[in-house]
Amino acid sequence: MTYNFNEIEAKWQKYWAENKTFKAENNSEKPKYYVLDMFPYPSGAGLHVGHPLGYIASDIYARYKRHQGFNVLHPQGYDSFGLPAEQYAIQTGQHPAITTAENIKTYRRQLDQIGFSFDWSREVRTSDPSYYKWTQWIFIQLFNSWYNNDSNKAEDISTLVSVFSAEGNANVNAVCDDDVEAFSADDWNGFDTVKQQEILLQYRLTYLAETEVNWCPALGTVLANDEIVNGVSERGGHSVIRKKMTQWSMRISAYAERLLQGLDKIDWTDSLKESQRNWIGKSVGASVTFNVIANKANQSHKIEVFTTRPDTIFGVSFMTLAPEHELVSQITTPEQKAEVEAYILATAKRSERDRMADVKTISGAFTGAYAEHPFTKEPIPVWIGDYVLAGYGTGAVMSVPCGDQRDYDFAKHFNISIPNIFEGEDISEEAFSDKEKTVIANSDFLDGMNYKKATKRAIFELEKIGHGQGKTNYRLRDAVFSRQRYWGEPFPVYYVNGMPQMIEAEHLPIKLPEVEKYLPTETGEPPLGNATVWAWCTETNQVVSNDKINNTTIHPLELNTMPGWAGSSWYFNRYMDAHNTEEFASKEALNYWKDVDLYIGGSEHATGHLLYSRFWQKFLFDKGEVPVDEFAKKLINQGMILGTSAFVYIYDGGFASKEADSESDSSKNLIISKGALELIYKHLELFHDLWKSNPQTKAEILTNYRIDEETFIKVKDLYNSLLVASGNLGFISIAWLNGVFPARPIHANVSFVNSSDELDIEAFINWREEYKDAEFVLEDGVYKVGREVEKMSKSKYNVVNPDNIVADYGADSLRLYEMFLGPLEQYKPWNTAGITGVHNFLKKLWKLYVGEEGLNVNDAEPTKDNLKTLHKTIKKVQEDIENFSFNTSVSTFMIAVNELTVQKCTSKQILEPLLVLLSPYAPHVSEELWNQLGNSESISTAPFPEFDASHLVESSKNYPISFNGKMRFTLELPLDMSKDEIEKTVLAHEKTQEQLQGRTPKKVIVVPGKIVNIVG
RNA sequence: GCUGAAGUGGUGGAAUUGGUAGACACGUUGGACUUAAAAUCCAAUGUCCAUUAGGACGUACGGGUUCAAGUCCCGUCUUCAGUACCA
């Protein structure tokens, strides 16, 4: 019986599906364990071998946890709203729902054939109305909430309304818009509904606001920063303008501090936590107000700045505003107007990228205005400079050149004074910015203080004179939540008098309407503007035809849709109770599963999905909807699998013909093998000379070119093959040039290349018709391609489809090989050739259990060696799984099978537990052999074998004997031998004497059980 | 610039707390089997010197600590990812 993997895999996949082997129960005596993969987007291209990497790792872990006796939740689903389906719809008119469903089918088939232990009964799709009903519901909860800084959590908006009507907003400590007006209870109660709603919008956790966006009129859509290249749209190259638009925003800034603090209690990778910390960007300091000295028009202005170094306030010698700062036009003096305007214009032309990349150039302009120092009352010149960013802090800085390098450079460049306020520091060359060593001088009441003390005192004094207060700034900005797209969640929102109204939760979901065209409307409205049935009737609580809009009972619905991250910000909770129609998940399910124990996915989601999800989870926690405020305890980033591209080399130069020295004909191609090309490059001069028939004897050539005879023969042979090939193309020869041999690499499809880098020429020319008459110059009778590691992509023809791998080698081989490639988190290249290694291992494994006439396994007593092999394997594999070091387990299995084969082991006591160890990695073959050993239950919940250290106890050790740290020989000695005895035995050994050659050792280091080192 | 990760044979990668560098594979070479090929099996395979015995050099580079360094310390370089001139 041979290892028929196709049959075995199909059999067990069917068995698992029919027996619902991996269905997780919400009620269980067992401890819970929740293993989750990041939501896949079902793209039309299907899976390539890079995609399942993380799924295989999480599947191994999930299966391992089942062997450990856990009730494991390991679900899968689809983040199925998104741009590619919409773009395909725009091009073809196909409804995105149809293409999405097709893509999901392909994905599902591909996932199934790899043998994952997913509980498919819990599958969710974000584009399914039964799912997005709850996405809409969460949106409504956000709308109906505000953030109370006093209780430090989100509260229902009704609590805010009652405060407003009782005492106005003076004592409300909320996260809200910057420009909220103060009002009393009487004011509030006197406001009309629209005014009250406007005010409440400034407090809600999701709110409508004017946001500046990148608007592309030609595409009728808003573009993300990375969709803009060189100031025009990436697609089509249309111009892009900055435009203000009213859009929904999420007040994530309310959670900045908690998102930051929460990082300390979750086990995520350091790099990921670091990028979230940077993204949140907390800085502690003070806000300081400077009065602008009144100009001729006698207007008075104030400049507010944020600084992290209020202790250096006496070192301020100028102020810098961002060129975009609104005060610039108001304070600029007539004399400076021209210069300032020119500067602003010049900055506006430079893209953000330019401004970022160019740190060296210092530029700016003086406004002519002066501000007054709050303490010294000295006038301070006000400048503008593009190193100050409008979007951060207040868009203005107090410049302390002695303490900040950028301020220093600016001051030097424009000849502004640089007062030194640091005790004993030399600032003639550069600024001094070391907070720890700071001692303040020349600063009135701050003299002699260190950074900490001076900061505290400065803030205290600023508050006393009403010129500032301590402040913490965050970079994190509120997130825009509107998209001008079709294929996304519709908002459960209609508009009355321009004010947004939420639809009652009981009427959800608001389903995506049908449209004729998926493009924006001619008037520039989002695609939902094309819908004819898209109005809300407040009497029947139904979506009705637009014709009926009367603005009394029937109102227009929101035309934007939600962004891609809406559905993925809470899906991990839905898996706990995926089919609940009454709640997004029942309290029982949420309290049982609580959070994700292990989350695996790519690091590209660090500041998107993973930050927004934490935000929503914290919000739902505040509202008492979920029991924990962090959704994933542990997170691992899997690395990307790269492709190994293959190249053929096309000669790009001319040929010599009867008519001309050099002519070329693009239809006549010479394709040269990698090694041949390298030989040409190495001996180019010699080839050139051969062409010119320089009369030299062989001996002369060998000396002149310093080559051996063998190389000369190779060169000569290659030269002749090139002559023949040129002849076949109708030329006399290649037109050899001195010092140049132009050749151009082109991608060949990797599937035409075998494990030795040899190209299947026939397959290649069938694929690229234009090369069907090409001449191939070979090396050793074959064409060898060049190889290079690149990102796996269709255009590089290096994509490897798992379907073919599974058909040729089986899913177990694929799973093992993906793990065998290297550490999970690392980027590593895929090379199909190597898969024979793990495939052979599975064949050897099979042979260990199954012989020609049937099963090889019996009740023989295991030998000492058998037990040793098994238990060291148990130990290593268990350690590896717990450390997510799956690549080393695969090696361990190979070693175990090699050893047991040599030992001719047939003992069931050894071979049965070995299958349980292997089953998370290669579940099909393990399940089959387990079954053949007479087990009727699936292997999936068999207990993981117990490690017994007593089988690994050794009585002797093969000691490495080193001399001055260099290992010279090994010596087998009993482990219970004392240090002195070891030393004596080793020194007496003849090889030791040989090494020492009569010298007396200065020192002998003996580490029992490890090493002996003789110094001298 | 900053932050994070990494740099070991021809290739992917092993190496516990500092203790035999290169496990396990791929590839290559040689051999067995076969009419032949594939498959399978066996052997060799870091580089250099040496007929052998053996020796020298080797974990990006330069230093250091140590009986002993891929591993620890200092400095430099390179690659990849993220990012924000963040006051």
Side-chain angles (χ1 to χ4, degrees), chain A residues 269-279 281-283 285 305-309 312 319-320 322 352 355-360 362 385-389 391-400 403-407 409-410 433 473-475 603-604 606-607 637 639-640 642 644 755-757 787 789 816-817 820-823 825-838 840-841 843-844 847 876 879 883 885 887-895 898 958-970 994 1001-1007 1009-1016:
Chain A
T269 56
D270 287 335
S271 64
L272 204 144
K273 288 205 244 184
E274 196 57 32
S275 31
Q276 290 212 348
R277 282 192 193 104
N278 289 338
W279 197 261
K282 179 181 183 176
S283 36
V305 302
F306 174 74
T307 176
T308 53
R309 298 292 305 271
T312 63
M319 302 194 68
T320 317
E352 224 169 281
R355 275 168 74 170
M356 238 159 67
D358 183 15
V359 192
K360 299 264 146 46
I362 296 157
D386 69 4
Y387 78 99
V388 177
L389 305 179
Y392 184 75
T394 58
V397 301
M398 58 176 227
S399 302
V400 183
D404 180 291
Q405 195 56 43
R406 285 160 315 184
D407 293 346
D409 295 340
F410 195 88
S433 56
N473 221 23
Y474 298 92
R475 191 183 76 94
S603 55
E604 67 273 21
T607 50
N637 293 129
M640 199 188 288
L642 305 167
T644 312
S755 59
S756 310
D757 292 343
R787 308 223 78 158
V789 172
L816 284 172
Y817 189 51
F820 188 64
L821 281 179
E825 324 79 59
Q826 212 163 289
Y827 278 55
K828 54 222 166 224
W830 176 271
N831 192 347
T832 304
I835 201 171
T836 52
V838 293
N840 282 342
F841 156 72
K843 284 203 245 180
K844 274 191 222 165
K847 268 200 191 151
K876 178 82 173 119
E879 281 169 6
N883 293 319
S885 171
N887 54 324
T888 47
S889 306
V890 181
S891 306
T892 303
F893 289 129
M894 290 174 172
I895 293 167
N898 288 345
N958 196 19
Y959 278 93
I961 313 297
S962 304
F963 292 80
N964 299 317
K966 278 175 190 148
M967 206 279 288
R968 291 305 175 191
F969 61 92
T970 58
E994 203 177 289
K1002 283 191 203 128
K1003 203 172 174 186
V1004 180
I1005 312 276
V1006 177
V1007 185
K1010 290 250 155 131
I1011 198 170
V1012 177
N1013 191 16
I1014 298 163
V1015 188

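The figures here come from the full heavy-atom set of this structure, side chains too, leaving out hydrogens, waters and symmetry mates. Proteins get letters first, then strands, A, B, ... in listed order; numbering begins at 1 in each.
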Determine which nucleotide pairs with [N], using a 3.5 Å limit on both distances of a Watson-Crick or G-U wobble pair.
N: B:A87; answer: none
N: B:C2; answer: B:G82
N: B:G22; answer: none
N: B:U52; answer: none
N: B:A69; answer: none
N: B:A43; answer: B:U29
N: B:G13; answer: none
N: B:A60; answer: B:U76

**Request:** Identify whether the distance between the nearest side-chain nitrogen and carboxylate oxygen of A:Glu879 and A:Lys876 falls below 4.0 Å.
**Result:** no
Looking only at the side chain of [X] (C-beta and beyond, no hydrogens), which of the listed nucleotides [options] gets closest?
X: A:Arg406; options: B:C67, B:C86, B:C24; result: B:C86
X: A:Thr836; options: B:C26, B:C85, B:A87; result: B:C26
X: A:Glu274; options: B:G4, B:A84, B:A87; result: B:G4
X: A:Leu389; options: B:U40, B:G13, B:C86; result: B:C86
X: A:Lys844; options: B:A14, B:A23, B:A25; result: B:A25
X: A:Thr888; options: B:A14, B:A87, B:C85; result: B:A14
X: A:Arg968; options: B:C86, B:A25, B:A56; result: B:A56
X: A:Ser891; options: B:U20, B:G13, B:C24; result: B:C24
X: A:Ile1005; options: B:G19, B:U20, B:A39; result: B:G19
X: A:Met894; options: B:A23, B:A84, B:A25; result: B:A25

Are OP1 or OP2 of [N] and a side-chain N or O of [X] less than 4.0 angstrom apart?
X: A:Arg475; N: B:C86; result: no
X: A:Gln826; N: B:G13; result: yes
X: A:Lys843; N: B:U40; result: yes
X: A:Lys966; N: B:C57; result: yes
X: A:Asn883; N: B:U16; result: no

Take atom [atom1] of [X] and atom [atom2] of [N], then tell me their distance rounded to the nearest Å.
X: A:Tyr817; N: B:G12; atom1: OH; atom2: C1'; value: 7 Å
X: A:Tyr827; N: B:G13; atom1: OH; atom2: P; value: 14 Å
X: A:Asp404; N: B:C85; atom1: CG; atom2: P; value: 14 Å
X: A:Lys828; N: B:A5; atom1: NZ; atom2: P; value: 17 Å
X: A:Asp270; N: B:A6; atom1: CG; atom2: C1'; value: 15 Å
X: A:Ile1011; N: B:G18; atom1: CD1; atom2: P; value: 14 Å
X: A:Asn473; N: B:A84; atom1: CG; atom2: P; value: 16 Å
X: A:Asn831; N: B:G12; atom1: CG; atom2: P; value: 10 Å

If you look at every strand shown and take non-hydrogen atoms under 4.0 Å, does [X] touch a base, only sugar-phosphate, or nothing?
X: A:Glu825; value: nothing
X: A:Asn278; value: base
X: A:Val1007; value: base
X: A:Asn887; value: sugar-phosphate
X: A:Phe841; value: nothing

**Item:** Any A:Tyr387 side-chain heavy atom under 4.5 Å of A:Leu389 side chain
**Value:** no
**Prompt:** For A:Asn898, does its backbone N or O pair with a side-chain atom of A:Lys844 as donor and acceptor, under 3.5 Å?
**Reply:** no
**Message:** Treating A:Thr644 as the side-chain partner and A:Trp830 as the backbone partner, does any N or O pair qualify as donor plus acceptor under 3.5 Å?
**Reply:** yes
Taking the [atom1] atom in each of [N] and [M], what is the distance between them to the nearest angstrom?
N: B:C77; M: B:G12; atom1: C1'; value: 25 Å
N: B:U17; M: B:A6; atom1: C1'; value: 23 Å
N: B:U45; M: B:C24; atom1: P; value: 12 Å
N: B:C48; M: B:G9; atom1: C1'; value: 14 Å
N: B:C61; M: B:U11; atom1: P; value: 15 Å
N: B:U76; M: B:A23; atom1: C1'; value: 32 Å
N: B:U65; M: B:G70; atom1: P; value: 16 Å
N: B:A21; M: B:A68; atom1: C1'; value: 14 Å

**Prompt:** What pairs with A:Lys847 under side chain to side chain donor-acceptor pair (under 3.5 Å), at least two apart in sequence or on another chain?
**Reply:**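 A:Lys847 satisfies side chain to side chain donor-acceptor pair (under 3.5 Å) with no other residue.
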**Asked** Rounded to the nearest 0.5 Å, what separation is found between the OG atom of A:Ser889 and the CZ atom of A:Phe893?
**Response** 5.5 Å
**Request:** To the nearest 0.5 angstrom, please state how far the OH atom of A:Tyr817 sits from the CZ atom of A:Phe841.
**Result:**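 A:Tyr817 atom OH to A:Phe841 atom CZ measures 15.5 Å (nearest 0.5 Å).
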**Request:** Return the minimal non-hydrogen interatomic distance between A:Ser962 and A:Ile1011, and the atom names on each side.
**Result:**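 Heavy atoms of A:Ser962 and A:Ile1011 come nearest at OG-CD1, 3.8 Å.
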**Item:** A:Val388 versus A:Ala322, closest heavy-atom pair with distance
**Value:**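 The answer is O-CB, 3.4 Å.
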**Message:** Counting only heavy atoms from other residues, nucleotides and ligands, does the tally under 6.0 Å from CG of A:Asp270 exceed 12?
**Reply:**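 Result for CG/A:Asp270: open.
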**Along RNA chain B (nearest heavy atom to each residue), the more 5'-positioned of A:Pro823 and A:Thr892** =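 Here A:Pro823 is the residue nearer the 5' end.
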**Request:** Specify the residue among A:Met967 and A:Asn840 whose closest nucleotide of RNA chain B lies further upstream toward the 5′ end.
**Result:** A:Met967
**Prompt:** Does B:G55 adopt a syn or an anti glycosidic conformation, taking syn as a chi angle within 90° of 0?
**Reply:** anti
